[in-house]
There are 2 protein chains.
Amino acid sequence: MSQGNIDVTHDREFLDERPVCTVLEALNRISGKWAIGILLNVSHGPARFTELERAVPGISRRMLTLTLRNLERDGLISRTVYATVPPKVEYRATGMAVELYDSLTALTAWAERHRETIAGSREAYDREHGRPAGADADC
Amino acid sequence: MSQGNIDVTHDREFLDERPVCTVLEALNRISGKWAIGILLNVSHGPARFTELERAVPGISRRMLTLTLRNLERDGLISRTVYATVPPKVEYRATGMAVELYDSLTALTAWAERHRETIAGSREAYDREHGRPAGADADC
DNA sequence: CAGAATCCCCCATGATACTG
DNA sequence: CAGTATCATGGGGGATTCTG
């Protein structure tokens, strides 16, 4: 294209619709405060309920259960029950989840590369403006 | 506790703490229903407020403003005001955001690769269990 | 051990209206 | 055009209790 006269409207606002939706789909099933933490843990090998409870600091039993169920429903983890006493349940990452793990690595790298910059940007922003944006203390 | 075995807990639950937190940091600033949509749009070139409002289907003025402010605060977008009449404001992705865009591509690819599988997994899950997990209709 | 069931609160988001 | 100000809400998430 280029030089022509047909170069209408810096061509934006249309090529997004799909990708946005797809990414959103992806994000939706790894959303919530706990899904990622669980996924990362389970990717290292099978884990039991209580192990995960300890491994994901701050999670409640309720949230662990709910998140686990949703991940299972989406096929990101498998759940194996051993009919023993006391009960034993093992959670494993599926192939899909392992691939996702690899993708998350890119995000991790990005976050680490820019951790400082972002913190600085926030400070600067908060210094000149009040502090209207949401306050963050965790992590 | 464990059966007098020395092979303590297939060594898990520790190597996570950091990565989880880092990824969470990353996810936190691209979280919310709208950040991604805005980021993707802005990554194609500078965009004005109203353009974004049209480009991100379903977003409200309020949410557009809030998300824009937060992204600016984190240094992911820049805001340029032109003292003209009527007012003109341009938003651009920073280098950081562009790098993030690349990372999101991995997620997009993942979502597209497994779209079918996930949908199937959900159907199957909902068929044998009731449908306790959150219902989803969007996208 | 691995959950299920309840109650409750808060914050992100939506709807609506006003303005430099 | 590019916002701000207010009010209302819903569901994500926490605390607690009960069970196979």
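In the text below, chain A, chain B and the rest are named by the order of the sequence lines, each starting its count at 1. Note that this is a predicted model, so its numbers are computed, not measured.
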How long is the line joining [atom1] of [X] and [atom2] of [N], in whole Å?
X       : N      : atom1 : atom2 : value
A:Arg61 : C:dG3  : CZ    : P     : 10 Å
B:Leu68 : C:dA12 : CG    : C1'   : 17 Å
B:Glu53 : D:dC1  : CD    : C1'   : 10 Å
B:Arg69 : C:dA12 : CZ    : C1'   : 18 Å
A:Arg29 : D:dG12 : CZ    : P     : 15 Å
A:Asn28 : C:dA12 : CG    : C1'   : 15 Å
B:Glu51 : D:dG3  : CD    : C1'   : 16 Å
A:Tyr82 : C:dG3  : OH    : C1'   : 18 Å

Checking [X] side chain against [Y] main chain: does a donor-acceptor pair fall under 3.5 Å?
X       : Y       : answer
A:Thr65 : A:Arg61 : yes
A:Thr67 : A:Met63 : yes
A:Thr94 : A:Gly75 : yes

Worksheet entry | CH2 on B:Trp34 to CG on B:Leu68, rounded to 0.5 Å |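 CH2 of B:Trp34 is found 13.5 Å from CG of B:Leu68.
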Worksheet entry | Nearest-0.5 Å distance that lies between atom CD in B:Glu72 and atom CD1 in B:Ile77 |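 Atom-to-atom, B:Glu72:CD and B:Ile77:CD1 are 6.0 Å apart.
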Worksheet item: Could you give the angle between the helix axes at the two ends of the helix from C:dC1-D:dG20 to C:dG20-D:dC1, with five pairs per end, rounded to 10 degrees?
Response: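 The two end axes of the helix from C:dC1-D:dG20 to C:dG20-D:dC1 meet at 50°.
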Discussion item. I need the minimum non-hydrogen distance between B:Met96 and A:Ile118, along with the two atoms involved.
Written reply: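 Minimum heavy-atom separation between B:Met96 and A:Ile118: CE-CG1, 3.4 Å.
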Fill in: Where A:Pro46 and A:Glu51 come nearest, the two heavy atoms and their spacing
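For A:Pro46 and A:Glu51, the tightest heavy-atom pair comes out as O-OE1, 4.2 Å.
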Worksheet item: Can you say whether the rings of B:Tyr101 and B:His44 are parallel (under 30°), tilted (30 to 60°) or perpendicular (over 60°)?
Response: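 If you compare the ring of B:Tyr101 with that of B:His44, the planes turn out perpendicular.
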Worksheet item: Does C:dC1 have OP1 or OP2 sitting under 4.0 Å from an N or O in the side chain of A:Arg54?
Response: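 The answer is no; no side-chain N or O of A:Arg54 sits under 4.0 Å from OP1 or OP2.
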Worksheet item: Does A:Tyr91 make a side-chain N or O approach to OP1 or OP2 of C:dG3 shorter than 4.0 Å?
Response: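 Checking A:Tyr91 against C:dG3: at least one side-chain N or O falls below 4.0 Å of OP1 or OP2.
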Worksheet entry | Options D:dC1, D:dG20, D:dG3, nucleotide nearest the side-chain atoms of B:Thr50 |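 Between D:dC1, D:dG20, D:dG3, the one nearest the side chain of B:Thr50 would be D:dC1.
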Discussion item. Counting only side-chain heavy atoms from C-beta out, which of D:dG3, C:dA2, C:dA4 sits nearest to A:Thr65?
Written reply: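 In terms of side-chain proximity for A:Thr65, the closest of D:dG3, C:dA2, C:dA4 is C:dA4.
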Worksheet item: Any ion pair linking A:Arg79 and A:Glu90 (charged N to carboxylate O, less than 4.0 Å)?
Response: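 Not counted as a salt bridge, because no side-chain N and carboxylate O are separated by less than 4.0 Å.
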Please list, for nucleotides 13-15 of chain D, all pairs of protein and nucleotide N/O atoms separated by less than 3.5 Å.
residue: D:dG13; atom: OP1; partner: A:Lys33; partner atom: N; Å: 3.3
residue: D:dG13; atom: N7; partner: A:Arg62; partner atom: NH2; Å: 3.1
residue: D:dG14; atom: OP1; partner: A:Lys33; partner atom: NZ; Å: 3.0
residue: D:dG14; atom: OP2; partner: A:Trp34; partner atom: NE1; Å: 3.4
residue: D:dG14; atom: N7; partner: A:Arg62; partner atom: NE; Å: 3.4
residue: D:dG14; atom: O6; partner: A:Arg62; partner atom: NE; Å: 3.1

